[in-house]
Amino acid sequence: MNTEQFKEFGYAAVNYIANYVDTMRTRSVLPDVEPGYLYDKIPDEIPETGEDWRELLKDFDEIIMPGITHWQSPRFHAFFPTGSSYPAIIGEMFSAALGIVGIHWAASPACTELEVKMMNWLGKFMNLPEELLNSSKGPGGGVIQNSASESTFLCLLAAKAKSIRRIKKLHPELNEDEISSRLIAYSSDQANSSVEKAGILGSIKMKLLKTDHDGNLNREVFLEAIKNDYNAGFFPCYMVATLGTTGICTSDPFDIIGSICKTYNMWLHIDAAYAGAALILPEYKYFLKGVEYADSFNFNPHKWLLVNFDCSALWVKDANDLANALEVSRIYLKDNCEKENTQLPEYRNWQISLGRRFRALKLWFTLRSYGKKGLQEHIRNHINLANLFHTLVENDSRFETVCPARMGLVCFRLKGDNKYTEQLHEKLMSRRNIYMIAATLNGKFILRFVVCSRLSIEADIRYAWQEIVSQADLVLSNNPCLLNGHSTNTN
Ligand code: PLP
């Protein structure tokens, strides 16, 4: 493809994308295809000679788009938001065009330096403790990772290496393998699946502590587990606390958990994958209580902060802990640049892969394009819309919410037997007009309604509610006893 063709394809692609965004509501949020739909539509071999870009765009439209779930649609209320915005898309485009691999500073100085700057911008905007930031004079700093899962795993590796060194000093009679096999980590039973996976990948037993009926981790449960495990010969080393759990968006008490971690020399990692973005709002500052105990803090701008996947922001109190666990030197990795007084990180020692993408660009474009006010408006809009949905549910006596609206999430169900909500969910999913996922809480089958799209407005919330009510009417008409005495007010 030559430059002229690139321009033509590029303009056509941008037009396509803009039109896609503008017409998102006209599409069914879930695709109407069967598993394997694509296989016979794509040849079994690479074409012998190059094809015209028009063919590519045509096939994208005809083959790929029918198999797309529209994550950016205002009808998408599943999981958590996955960010996307025009400036982020352009940032990604530039990153692809530059095609750099930031293995060290000299590999593209702007790649490392912009990332340092962006992580400081973000950390300050969120009021994170100064010592987590590169801008402090200490060993702390921020880095962009692929995902929250990777961040949890990397910090587990750092905690593991650090604990082995510490315990070796206390127990010189034990070798490293013996210590390693006796390390134990904790989180709550509400933690994301990636936390358990981190334990598997890092070969550390991960204990998921039982939470109370509101999904809260209790001080006594944590303390008792640590004490029992100590007595059984284990060495507690790592705790993952959550700000905004995946199921019902509860948060652990960082001050209580943190002080216990400090007492027992355990690494505290805070997984704020989704809800961390709300820290840009002054009204959510109280969530920071106890965050000073954190050895590491992670949230995903690629969830709620309008930057497209992947962009996961991780800060550590002492970056040497990551490097001590991960650094592997080779002569070809030396960049022979004098950086002693610059506080510039060797990011390859803070991550799994050697190469790294220029992800700071899309973050830079997004943060500048929206500004603090624009980003705050976006988060507030979602929270207000979730509150509106919560009110709509509460005003219909056939339904119940199972917890307060938290951030952009509302968890609710039809009153009575689980089967009614299960039937409701099945009906909604088969219609494909809105997309929600289910969860369970204390044995109750619940639906999670999340405000996800940056395009969402009040009319979208009312549309979703009407859709839910129309299907609830059908479910309940088959079970009339439920209707007795209940209003069907849909507002
Ligand atoms: N932690 C929490 C609390 C989450 O909700 C999620 C995903 O929704 C994750 C971690 C995993 O995020 P990622 O896909 O970036 O690994």
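Start at 1 and go down the list; that is how both ligands and their atoms are numbered. On a predicted model such as this, the values are computed, not experimentally measured, just so you know. Numbers for residues simply follow the sequence, beginning at 1.
Across the listed options Asp271, Thr245, Val240, Thr242, Asp271 owns the non-hydrogen atom lying nearest to atom 10 (C) of ligand 1.
Proximity of Phe80 to ligand 1, defined as any heavy-atom pair under 4.0 Å, is confined to the side chain (atoms from C-beta onward). Under 4.0 angstrom from ligand 1, the non-hydrogen atoms of Asn300 all belong to its side chain. Contacts with ligand 1 closer than 4.0 Å are made by side-chain heavy atoms of Ser194 only, the backbone lying farther away. With a heavy-atom cut-off of 4.0 Å, Ala273 touches ligand 1 through its side chain alone.
Given atom 14 (O) of ligand 1, the protein heavy atom at minimum distance is Lys303 NZ, 4.1 Å. What sits closest to atom 13 (P) of ligand 1 on the protein, heavy atoms only, is Ala148 N, 3.6 Å. For atom 6 (C) of ligand 1, the closest heavy atom belonging to the protein is Asn192 ND2, 3.3 Å. The single protein non-hydrogen atom nearest to atom 4 (C) of ligand 1 is Thr246 OG1, 3.3 Å, given as residue, atom name and distance. From the protein, the heavy atom lying nearest to atom 16 (O) of ligand 1 is Ser149 OG, 2.4 Å.
Between Phe309 and ligand 1, no pair of N/O atoms sits closer than 3.5 Å. At under 3.5 Å, not a single nitrogen or oxygen of Tyr274, backbone or side chain, sits near a nitrogen or oxygen of ligand 1.
Taking the centre of each ring, Phe412 and Phe449 stay at or above the 6.0 Å mark. Between Trp465 and Phe399, a ring centre-to-centre spacing shorter than 6.0 Å is recorded. Between Trp304 and Phe299, a ring centre-to-centre spacing not shorter than 6.0 Å is recorded.
Stacking of Arg454 on the aromatic ring of Tyr86 is recorded, both the 6.0 Å distance cut-off and the 45° axial limit being met. A cation-pi arrangement is present between Arg448 and Phe80, with the terminal nitrogen or guanidinium carbon under 6.0 Å from the aromatic centre and inside a 45° cone about the axis.
Below 30°, between 30° and 60°, or above 60°: for Tyr230 and Tyr264 the angle between ring planes is between 30° and 60°, a tilted geometry.
Proximity of a side-chain donor or acceptor of Glu115 to a complementary backbone N or O of Ile144 within less than 3.5 Å is detected.
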